[in-house]
Each structure stands twice: as structure tokens, then as C-alpha cells.
Amino acid sequence: MQTMTYRIADILLDWYSREGRDLPWRRTRDPYRIWLSEVILQQTRVAQGTEYYLRFVGRFPDVRSLASASEDEVLKLWQGLGYYSRARNLHAAARQVVDDFGGRFPTTFAGVRSLRGVGDYTAAAVCSAAYSLPYAAVDGNVYRVLSRLFDIAEPIDTASGRRLFAELARSQLDERDPGRYNQAIMDFGALRCTPSPPRCGECPFGDRCLALAAGTVVSRPVKQGRTQLRDRWFHYLHITSGGRTLLCRRSGRDIWQGLYEFPLLETPEAADFGALLRMPRFAELLGDAPWRLLGSMPVARHQLSHQTIHAVFHRIETPSLTPAAEALAVPTGTLGDYAVPRLIDRYLMSCQR
DNA sequence: AACCCGGGGAT
DNA sequence: ATCCCAGGGTT
């Protein structure tokens, strides 16, 4: 008698054949669509990203159509998904494909990896799924699954930890079907080997999971982590004059780059309207015109992963615009054409009622 | 290496 | 409230 021992890959692939998900981007080998799905799903749940994927594929069926769009249109389609640099990089990468690769999506790891917004994970995911190239994709799911199966206490968010897990992931890859293997281990992490509570009772690995044997499942993976929140106080001036509204495009190295918002006065701490009156930007926008404050609406704190935004919207009507304000005025009816942060979108929704 | 970049869902 | 999500770029 001899007991069969299966490779981890075999167990994952067997589980995947029974319980894997049927997702739109798994029904194609088109590298463009696979890349698009991977960028959308960076730090984003499948449930949230799927409708954006379908929306993008519908509007931009190939890389050339995406490359020839305006950045504003891409951002508008991306509105609400967060991490907007992904959208800007997506657009830039599409232009790279047209300019540097003659419109044909790159077919090597180095080529895919050279695209804006494509790191080691995304390049591996695309190359394995589209071209069956033997690269192991290491995402949050893979860190969790491997750290548990091997009961690894090394933190995943250090350079040496990432190297360790990259090497381990490589050693487990099934080179006969790398794309399917990568999807299998990620689905397993997303559906069975979940953060908490993990479903160890119905796990195909049973006592082959070292963390289960050691009782350390819930504390894997280990992260150094250091999350420090920053508080910010935003005062938005919702200024209208006739049928026009003032709108600014965010720039610089800050949140929401490329998105639109009302003129913003930021203060280092909570401030009342009187404090705003003394700010130079206020006079620049409203000058001596007989403006009227129609009301102020504080917003429940808006929580980002690293910042807490305390926002107040000040509704102001003025009969005339200063030169500085004139440059920002857009017809009020076109507000819906601009990509705006969720915070602004919610405020606009509340105004329509 | 440390920090920055969103929004939503689950616990 | 806290954590996490098919991560990547910048400094």
C-alpha cells in the first residue's frame, strides 16, 4: 500500500474545476481584455469591478479605441471606482501599445511589464492567462493561501517577504496550464481561504495546511502594517451665476487627480465661514460682487483608506463673475459630463431632490 | 523602505 | 471601527 500525495497545484485545480467562478474575462484569450480586467481588479473586489469591466469593453472594444479616447472620458467611465491613477495609466498604456507596439498588444513578459500601471502581478496574470506563459501571479489571495499552507510568519509587506513569497509561488506553479493555476489559487483565496472566518471545515487541504495544524490560520498572513490616518477639512464653494457653475480640475500630487470639483478652500483644522472670508482665494473668486450665501451643508465624514475628509458645501449665488471665476464657469446642465469624486457626486445627487 | 493613491463590503 | 480587496507609482 502506498498513499498518494498530490501536489498543491493538483488539489487547487481539482477544487477549481468544481467551484471556480465563471467570469467574463475568463471567456477570452484577448490580452487587451484580460489586461483591462486585471487593472480594474487591482485592489478591487470582483463584485465591484465586473460592471466597470463590461462598461469599458462595451465602449472600448479594442486597445486602439481606448487609445484614441480623451483622458476625461476614460476618467468619467472610471468614476466611482477609486485609485484614479489606474485610469490615467490605463489610458497611457493603451497609447503605449499603439505608439511602441504598433497597436498589437505586447506578447512577452517584459513587453507587458513595460506598460504604465502594470507591475509584476498584473504582468504575470496577463501573460499566463493570455499566452500560457509560466509566471506565477502573486496577489493578496496568494499571500494568504501560501502563508497558511506553509505557516509562514514572515511579513508579506517587506522586500524580503515579497521575495520569499514570489519564490514560493513560482515553485508551486503548474507549468502545464499557468493561467488556469493562477486563477485557481486566487479563486481559492477569494472563496474558501478567506481572511476571516476561513472555511477550514470544508478545505480540500485538510491537515496538509500547516497553519491549521498549528492553530495559526487567523493570524496568517503577517503584515507589518502601519496605517496612520490624516484629517483634512474641505470647504467647497458651490457657486452659480445665471445658468453656470464653477468647476475646477484637480491637479498636483494629491487625491482625485484629474477629477473635477467645486472651488476648494482647505483649512488645517475645522473652520467656520468667517474664516473662509479672509482667505485670498475667496476674494479672487467672488470679489466685490453682491454674492449671497444660500446655505451651508456639512457632509458626514468621508473616509478614504488613508485620509478622513471633513467637507462642507457652501451654496453661493452671484450675479456676476470675476475674471478668475469666469475661467472656471461651465453650463450647469453639463455637470454630469465631468468625472467627480464620490463625495461631490453624492452632494450633487442631494441637490437634485 | 516608506508613503501615497479610493471606494465598498464584510465583520 | 477595522480590515481587506486580482497593486502600482513615487520619493
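Since the structure is predicted, the reported quantities are computational estimates derived from the model, not experimental observations. In the text below, chain A, chain B and the rest are named by the order of the sequence lines, each starting its count at 1.
Counting any heavy atom pair closer than 4.0 Å across all strands shown, Ala159(A) reaches sugar-phosphate atoms only and no base atom. Leu23(A) comes within 4.0 angstrom of a base, heavy atoms only. No engagement by Ile40(A) is indicated, since no non-hydrogen atom pair under 4.0 Å with the nucleic acid exists. Among the atoms of the strands shown, none is found under 4.0 Å from any heavy atom of Asn182(A). If you check every strand for non-hydrogen atoms under 4.0 Å, Ser37(A) touches nothing. Gly49(A) comes within 4.0 angstrom of no nucleic acid atom, judged by non-hydrogen atoms across all strands. Within the nucleic acid shown, Gln307(A) comes within 4.0 Å of sugar-phosphate atoms alone, with no base atom in reach, counting heavy atoms only. Among the protein residues, Arg342(A) comes within range of the sugar-phosphate backbone only, with heavy atoms under 4.0 Å from sugar or phosphate atoms but none that close to a base. Residue-level contact check: Arg21(A) touches the bases, meaning some heavy atom is under 4.0 Å from a base atom. The residue Trp25(A) sits close to a base: some heavy atom pair falls under 4.0 Å. Counting non-hydrogen atoms under 4.0 angstrom, Val142(A) reaches nothing in the nucleic acid.
Summary of the strand contacts: Gln48(A) and Gly117(A) both lie near DNA chain C, and taking for each the nucleotide with the nearest heavy atom, the more 5' one is attributed to Gln48(A). Heavy-atom distances to DNA chain B give each of Thr44(A) and Ser160(A) a nearest nucleotide, and the one nearer the 5′ end belongs to Ser160(A). Two residues, Arg162(A) and Trp256(A), neighbour DNA chain B, and the one matched to the more 5' nucleotide by heavy-atom proximity is Arg162(A). Along DNA chain C, the nucleotide closest to Arg113(A) and the one closest to Met186(A) are compared, and the more 5′ of them pairs with Met186(A).
Ion pair Arg18(A)/Asp14(A) flagged as a salt bridge, since at least one NZ, NE, NH1 or NH2 atom sits closer than 4.0 Å to an Asp/Glu carboxylate oxygen. We find that Asp120(A) and Arg162(A) are not joined by a salt bridge, their nearest charged nitrogen and carboxylate oxygen being 4.0 Å or further apart.
Atom C1' of nucleotide dC3(B) and atom CZ of Arg253(A) are separated by 13 Å, given to the nearest angstrom. Across the protein-nucleic acid pair, Tyr52(A) atom OH and dG6(B) atom P stand 13 Å apart, rounded to whole Å. Distance Leu75(A) CG to dC5(B) P: 16 Å, rounded to the nearest Å. Atom CZ in Arg220(A) sits roughly 17 Å away from atom P in dC3(C) (whole-Å rounding). Distance CG (Leu304(A)) to C1' (dT2(C)): 15 Å, rounded to an integer number of Å. Rounded to whole Å, atom P of dG8(C) lies 10 Å from atom OH of Tyr143(A). Rounded to an integer number of Å, the gap from Arg346(A) CZ to dG7(B) C1' is 8 Å. Counting to the nearest Å, the C1' atom of dA1(B) and the CD1 atom of Ile156(A) are 16 Å from each other.
The Tyr121(A) side chain lies nearest to dG8(C) when the options are dC4(C), dG8(C), dG7(B). When distances run from any side-chain atom of Arg116(A) to the nucleotides dG7(B), dG9(C), dG7(C), the shortest one goes to dG9(C). The listed nucleotides are dC4(C), dC4(B), dG8(C); the one nearest the side chain of His306(A) is dC4(B). For Tyr83(A), the listed nucleotide lying nearest its side chain is dC5(B); candidates were dT11(B), dC5(B), dC4(C). Of the candidates dA6(C), dA2(B), dG7(B), dA2(B) carries the atom nearest the Gln224(A) side chain, counting heavy atoms from C-beta on.
Scanning atom types as modelled, no donor and acceptor separated by under 3.5 angstrom connect the side chain of Ser85(A) and the base of dG8(C). One N or O donor and one acceptor, one from the side chain of Arg26(A) and one from the base of dA6(C), sit under 3.5 Å apart.
Screening Trp256(A), Phe56(A), Tyr83(A) against Trp78(A) for a ring-ring contact (aromatic ring centres under 6.0 Å, His included) leaves a single residue, Phe56(A). Exactly one of His91(A), Arg88(A), Arg59(A) qualifies for a side chain to side chain contact (heavy atoms under 4.5 Å, CB included) with Val74(A). That residue is His91(A).
Between Trp35(A) and Phe105(A), the ring-plane angle classifies as tilted under the 30° and 60° cut-offs.
A gap of 15 Å separates the P atoms of dT11(C) and dG6(B), to the nearest Å. For the P atom pair drawn from dA6(C) and dA10(B), the interatomic distance equals 13 Å after rounding to whole Å.
At dG6(B), none of the side-chain N or O atoms of His302(A) fall inside 4.0 Å of OP1 or OP2 (strictly under the cut-off). For dG7(C), the OP1/OP2 oxygens have a side-chain nitrogen or oxygen of Gln43(A) closer than 4.0 Å.
Side chain to side chain, Tyr121(A) and Gln42(A) fail the donor-acceptor criterion of an N or O pair below 3.5 Å. For Arg144(A) and Asn141(A), the side-chain atoms include at least one donor-acceptor pair closer than 3.5 Å.
Using a distance-only test at 3.5 Å, with no hydrogens or angles considered, a donor-acceptor pair links the side chain of Tyr52(A) to the main chain of Gln79(A).
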